[in-house]
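Data block below; observations after.
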Amino acid sequence: MALFVQKYGGASVADPACIQHVARRVWRTRQLGHDVVVVVSAMGDATDNLIALARQVNPNPDAREMDMLLATGEQMSVAILAMALHALGAKAVSMTGPQAGIFAEPVHRKAKITRVQPDRIVSALKAGHIVIVAGFQGLDPFEDIVTLGRGGSDMTAVALAWALQADRCQFYKDVTGVFTTDPRIVPEARQMDEISYDEMLELASMGAEVLQSRAVEFAKNHAVRLEVLSSFEDKPGTLVTAEVGTMENVVVRGVAADKEQAKVTILKVPDRPGIAAGIFQALAQANINVDMIVLNVSAQGQLADISFTVPATDLAQALKVVAVVVPEVSSAGMTHDQGIAKISIVGIGMRSHSGIAARMFSALADHGIDLHMISTSEIKISVVIPTAQADEAVRILHREFELDKPPTVVVDAPGGKTQVASRDQGA
Ligand code: ADP
Ligand code: ASP
Ligand code: MG
């Protein structure tokens, strides 16, 4: 008998029929003799609707009150799913994050989980119940409800899978697994059988919303076995696993687009040591995640423009922080741009293959796509481009790296010759 944590996202619990479908699937797993802990998101677009509701009464709602409001979305789903399971004759009990023993830091809207104390879940499982836990929420040290950032139910699921030593943490979705890119943008995208934690982490951090990046990072650090599969079809999904040697043979595994980005530029900052540190410390203190940073020193070498990207949702807060810093560093002011997107290619094979950046840039240039910023890591290359060209750029790169075809494996043959073979043909 195994223990599974199964997470169902918003699309999988969007309406009563979907919830009944989820209930049947969960019940089937239980009837096979397994223990099941289910984590659910809010129904459909409930979280977006709650955010819109709050904005109707206050354009800048207080973060604590937002968390009180947003947590109700998941609380609704757990109760309804428990009722649907009862209707099938199953023993099931719903729990909020705090009832499930999920404790988090006192940071509203994007708290990190600090501790999981799943005693109550364990006793309910022992008593033969299916346990249904509200994702995306925890209790902070002041006994306030905090939420875990957008997509945070994934984090709840992974943290519970770890705390309960589950055999597997399964994510049931409206897609059948992890694809080479978002199949909504590129219908020819291919599903992968497996992907390494590192590649999944980069894709998720770079905008592939299929899994929350924090959840993948936690899973990697604690070796939690993840599986992404369809909540509507019975098909094998994608396993997210530790890296194995042959994975390096695929140079580009996937393409991700993040259209929820914004760029801030601080103009003509004196080029003195410590200035950049001061600006980015102030942003870090405000819990703003800065991603790409570009420093353009002028020809005279005394003044620099500093540009950086932040999630669009953090833009207002970032501008507030920078507005305080600008007079302190005697810069000439700031500008911002919300019409930008970040496009990334990811693959652990990049570690050992060169020329990938050049190929990416020329493919985009050939189609007249201007690059505003570039950044790289060992296994990723990202560019910032106008949002209007984001989908086109994804399609261009997907084609350029032939991701619509079975993965090609680059084999270093004896004598220094390189052979290219398809993995589907057993290479
Ligand atoms: P859930 O609500 O279950 O958490 P999400 O909506 O967050 O699910 O994630 C699933 C969506 O992620 C899919 O509908 C798909 O359009 C999108 N997506 C983006 N990139 C990828 C990818 N590389 N593979 C699969 N799905 C992707
Ligand atoms: N309901 C939350 C969101 O929409 C959390 C989640 O679905 O994971 O972001
Ligand atoms: Mg999600």
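When a ligand or atom number is given, it counts from 1 through the structure's own listing order. Residue indices begin at 1 and follow the sequence shown.
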*Is there a salt bridge (charged side-chain N to carboxylate O under 4.0 Å, His left out) between Arg399 and Glu392 once you walk through the steps?*
CA-CA 11 Å; Arg399 215 176 315 123; Glu392 188 194 353; over 6 Å; no
Is [Y] paired with [X] through a side-chain N to carboxylate O contact shorter than 4.0 Å?
X	Y	answer
Arg184	Glu209	yes
Asp314	Lys320	no
Asp391	Lys259	yes
Asp404	Arg395	no

*For the pair Phe232 and His21, name the ring-plane relationship: parallel under 30°, tilted 30 to 60°, perpendicular over 60°.*
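Answer is parallel, since the angle falls under 30°.
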*Specify whether Phe308 and Phe280 have parallel, tilted or perpendicular ring planes, treating 30° as the upper limit for parallel and 60° as the lower limit for perpendicular.*
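Rings of Phe308 and Phe280: perpendicular, over 60°.
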Return the closest protein heavy atom for [atom] as residue, atom name and distance.
atom	answer
atom 15 (C) of ligand 1	Asp182 OD1, 3.4 Å
atom 4 (O) of ligand 2	Arg150 NH2, 2.9 Å
atom 8 (O) of ligand 1	Lys173 NZ, 3.0 Å
atom 27 (C) of ligand 1	Val210 CB, 3.8 Å
atom 25 (C) of ligand 1	Gly177 O, 3.4 Å

Distance-minimising heavy-atom pair for [X] and [Y]:
X	Y	answer
Asp258	Gly207	CB-CA, 3.9 Å
Gly73	Leu50	N-CD1, 4.0 Å
Met292	Ser382	CE-CB, 3.4 Å

*Ser41 heavy atoms, cut-off 4.0 Å: which ligand 2 atoms fall inside?*
6 (C), 7 (O), 8 (O)
*With atoms numbered from 1 as shown, which atoms in ligand 2 lie under 4.0 angstrom from a non-hydrogen atom of Gly151?*
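Per the distance check, 3 (C), 5 (C), 6 (C), 8 (O), 9 (O).
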Below 4.0 angstrom from a heavy atom of [X], which ligand 1 atoms are there? Numbered from 1 as shown, please.
X	answer
Gly10	2 (O)
Gly9	1 (P), 2 (O), 3 (O)
Ala208	20 (N)
Val178	24 (N)
Lys7	1 (P), 3 (O), 4 (O)

*Report yes or no: is the cationic atom of Arg115 (NZ for Lys, CZ for Arg) under 6.0 Å from the centre of the six-membered ring of Phe103, at an angle within 45° of the ring normal?*
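Yes, a cation-pi geometry holds between Arg115 and Phe103.
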*In terms of heavy-atom contacts, does CE of Met76 have more than 12 from other residues, nucleotides or ligands at under 6.0 Å?*
no
*Does CZ in Arg225 sit with more than 12 non-hydrogen atoms of other residues, nucleotides or ligands closer than 6.0 Å?*
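No, CZ of Arg225 has 12 or fewer neighbouring heavy atoms, counting only those of other groups under 6.0 Å.
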*Please confirm whether Ser153 comes within less than 3.5 Å of ligand 2 when only nitrogen or oxygen atoms on both sides are compared.*
yes
*ligand 2 N/O within reach of Lys7 N/O, cut-off under 3.5 Å*: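 In this structure, Lys7 places no N or O atom under 3.5 Å from an N or O of ligand 2.
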*Under the 3.5 angstrom rule, does the side chain of His34 hit a backbone N or O of Phe4 as a donor-acceptor pair?*
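Answer holds: no.
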Heteroatom proximity flag, [X] to ligand 1, N/O under 3.5 Å:
X	result
Ser12	no
Arg184	yes
Phe179	yes
Glu209	yes

*Decide whether the shortest distance between a heavy atom of Gly73 and an atom of ligand 2 is less than 4.0 Å.*
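No, that is not the case, since the closest heavy atom of the residue is not under 4.0 Å from the ligand.
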Where on [X] is there a heavy atom closer than 4.0 Å to ligand 1, on the side chain, on the backbone, on both, or on neither?
X	result
Val228	neither
Val175	side chain
Asp174	side chain

*With heavy atoms under 4.0 Å as the rule, classify the contact between Glu74 and ligand 2 as side chain, backbone, both or neither.*
side chain
